[in-house]
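When reading the values below, keep in mind they use all heavy atoms of this one structure, side chains included, and skip hydrogens, waters and symmetry mates. A, B, ... follow the sequence lines: proteins, then strands. Residue 1 opens every chain.
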2 protein chains.
Amino acid sequence: MATRNPQQTRERLLQTAFAQMHAHGFQGMRVDEVLKLSGLQKGAFYHHFNSKADLGYAVLEEQIKPMVESVWLAPFANIDDPVQALLDRLDNLGEDIPPAMREHGCPLNNLAQEMSKLDEGFRVRIATLFRHWVEAFAAMFEKGKQKGFIRPDVDSQAVSRFVIAALEGCIGVYKVEQAVEQWFACRSQLAVYLSTLRPNNG
Amino acid sequence: MATRNPQQTRERLLQTAFAQMHAHGFQGMRVDEVLKLSGLQKGAFYHHFNSKADLGYAVLEEQIKPMVESVWLAPFANIDDPVQALLDRLDNLGEDIPPAMREHGCPLNNLAQEMSKLDEGFRVRIATLFRHWVEAFAAMFEKGKQKGFIRPDVDSQAVSRFVIAALEGCIGVYKVEQAVEQWFACRSQLAVYLSTLRPNNG
DNA sequence: ATTGATACAAACCAACCAGTCTGTTTTATC
DNA sequence: GATAAAACAGACTGGTTGGTTTGTATCAAT
């Protein structure tokens, strides 16, 4: 019959689970529903994963992590002006990301808010991912200093932490109303904040 | 036997449910567990509430709403300098709120992120609450203008929206690690942003 | 070709969970 | 004090859920 492809089976489970977790949360995701949508059976699931939590961890590391990196890390890898790059990212975010992202917000932060206090396995993985993000942004601001786009006395680490937190907050609040004023407000005020990091803002 | 007190019974259900929702989310909250912790039975529950969702709405409006108002609206009702008041609030937040708030973050935003895309009943109630908050902060900034603490050209509405979003983001990210650096970073950078709203920041 | 491991299908299970139903006690009203 | 409504207690139900078990077809190695 149809030739087997374990890797593809596993990947299909991961992708379906990712979509379900994004839409309903980890607790709201149903294993049966993932199976139904994947066209698979229990045997396939528990062959590739030990438990629902195991699947959740895999989704986090193999789906969410790459997506966060592609949206928030990779685009900033080779830029000189952090302020400009961040504002560009905000302006293009709507078109660059899949519809599910606009609909349900950041999958990393969603999972963080839901699960970090309920499951230590999730918490440590999420915390690690956030740390990478913080370090990447901090490095970006440090490079911005060298290139003369950022004031030398700026605390790159603190700025990085705040920018990430503010971004997640903006995405999260926007999700509730989907109101353009909310997004424009965040974009404009983030621009105000970021401009304070420039050398010649006096 | 013990004299009946319907209002108190209802209140006990609400308080227990609030704690459970705050800790496990609405979906994670179990009616049976709320009953057990309240020392009540199914009869009591479905006499006071029509369904689990009905209880969730009541918790939102009768527990979460007053708490948000007491923490984020009332303290700013009679102040002149929004920047100072907001930074004071941040500095005293740790001591002013119950331990469960430090542990699990803002119950309004938690519920917003979990349920706003899953249940329209929750979404509209949460959106309404956020709007009140936005309007209150916007009014605060307007008053700040009149008193000379805020630049006249500031977009109060936009600032209000961004400050709330940033606050929720900071609280949410902090929840994952409980790291003091994260909180200090948000506090210091929020101060940087807020100082741009002052008249004499050039 | 045989064999053992891999990759599933599919029936099955026990616990769980929101909600119902029946009955009983308390309370308010007259 | 009779009566009806309100405020519960507690057993029960039917569907759901994560997980198990058994069986079977495919695949890789010899």
Side-chain angles (χ1 to χ4, degrees), chain A residues 1-60 62-63 111 114-115 118-122, chain B residues 1-60 62-63 111 114-115 118-122:
Chain A
M1 206 181 153
T3 173
R4 279 182 172 165
N5 193 336
Q7 294 178 20
Q8 182 182 308
T9 297
R10 186 187 145 92
E11 186 67 18
R12 202 155 79 221
L13 284 170
L14 283 175
Q15 288 177 3
T16 309
F18 178 33
Q20 289 296 111
M21 280 175 62
H22 201 191
H24 304 110
F26 174 75
Q27 297 183 99
M29 171 184 70
R30 303 301 168 197
V31 174
D32 287 354
E33 186 68 12
V34 171
L35 258 16
K36 200 169 145 191
L37 292 171
S38 305
L40 294 166
Q41 300 292 334
K42 284 284 173 75
F45 185 91
Y46 286 97
H47 173 72
H48 288 283
F49 304 99
N50 295 325
S51 65
K52 186 187 175 186
D54 189 32
L55 169 70
Y57 299 158
V59 166
L60 177 52
E62 299 175 39
Q63 299 284 129
L111 199 59
E114 181 192 4
M115 296 305 299
L118 291 178
D119 184 295
E120 184 66 8
F122 274 118
Chain B
M1 203 181 156
T3 173
R4 279 180 174 169
N5 191 337
Q7 294 177 21
Q8 182 182 309
T9 297
R10 188 186 142 91
E11 186 66 19
R12 203 156 75 221
L13 284 170
L14 283 175
Q15 288 178 1
T16 308
F18 178 32
Q20 289 296 108
M21 281 175 61
H22 201 192
H24 304 110
F26 174 74
Q27 298 183 100
M29 170 183 70
R30 305 300 168 197
V31 174
D32 286 353
E33 185 68 14
V34 170
L35 259 15
K36 201 169 145 191
L37 292 170
S38 305
L40 294 166
Q41 300 292 333
K42 283 285 172 74
F45 185 91
Y46 286 96
H47 172 73
H48 288 283
F49 304 99
N50 295 324
S51 64
K52 185 187 174 184
D54 189 33
L55 168 69
Y57 299 157
V59 166
L60 177 52
E62 300 176 41
Q63 300 283 129
L111 198 59
E114 181 192 3
M115 295 305 298
L118 291 178
D119 184 294
E120 184 65 9
F122 273 119

Handout entry: Between C/dA7 (C1') and A/Tyr46 (OH): distance, integer Å
Key = 17 Å
Exercise for the section: Go through the N and O atoms of the side chain of A/Arg30 and the base of D/dT16, and report whether any donor-acceptor pair is under 3.5 Å. Expected result: no
Handout entry: Over 12 foreign heavy atoms within 6.0 Å of CD, A/Gln8
Key = no
Practice task
Please check the phosphate of D/dC8 (OP1 and OP2 only) for any side-chain N or O of B/His47 closer than 4.0 Å.
Solution key: no
Problem - Short side-chain N/O contact to D/dG18 OP1/OP2 from A/Ser51, under 4.0 Å - result: no
Exercise for the section: Can you tell me the distance, in whole Å, between the CD atom of B/Gln7 and the P atom of D/dA7? Expected result: 9 Å
Exercise for the section: Please report, rounded to the nearest Å, how far the P atom of D/dA9 is from the NE2 atom of B/His48. Expected result: 9 Å
Problem - B/Asn50 side chain to B/Tyr57 side chain, donor-acceptor N/O pair below 3.5 angstrom - result: no
Practice task
Search all heavy atoms of B/Phe26 against all heavy atoms of B/Gly56 and return the closest pair with its distance.
Solution key: CE1-CA, 3.8 Å
Practice task
Would you mind telling me which residue lines up with the more 5' stretch of DNA chain D, B/Thr9 or A/Val31, judged by nearest nucleotide?
Solution key: B/Thr9
Problem - C/dT27 OP1/OP2 closer than 4.0 Å to side-chain N/O of B/Thr3 - result: yes
Exercise for the section: Starting at atom CD of B/Glu33, determine the distance to atom C1' of C/dA15, rounded to an integer number of angstrom. Expected result: 15 Å
Fill in the blank from the handout: note: B/Gln27, atom CD; D/dT16, atom P; distance rounded to Å ~ 16 Å
Handout entry: Which nucleotide in D/dA9, C/dA10, C/dT20 has an atom nearest any side-chain atom of A/Lys42
Key = C/dA10
Practice task
Check whether the side chains of A/Glu11 and A/Gln15 place a donor and an acceptor atom closer than 3.5 Å, and report yes or no.
Solution key: yes
Problem - Whichever of B/Asn5 and B/Lys52 has its nearest DNA chain C nucleotide further upstream toward 5' - result: B/Lys52
Practice task
Measure the distance from CD on A/Gln41 to P on C/dA10 and round it to the nearest whole Å.
Solution key: 5 Å
Practice task
In whole angstrom, give the distance that lies between atom NZ of A/Lys36 and atom C1' of D/dT17.
Solution key: 14 Å
Exercise for the section: Measure from CE on A/Met29 to P on D/dT17 and round the result to the nearest Å. Expected result: 12 Å
Handout entry: Geometric class of the A/Phe45/A/Phe49 ring pair [parallel <30°, tilted 30-60°, perpendicular >60°]
Key = tilted
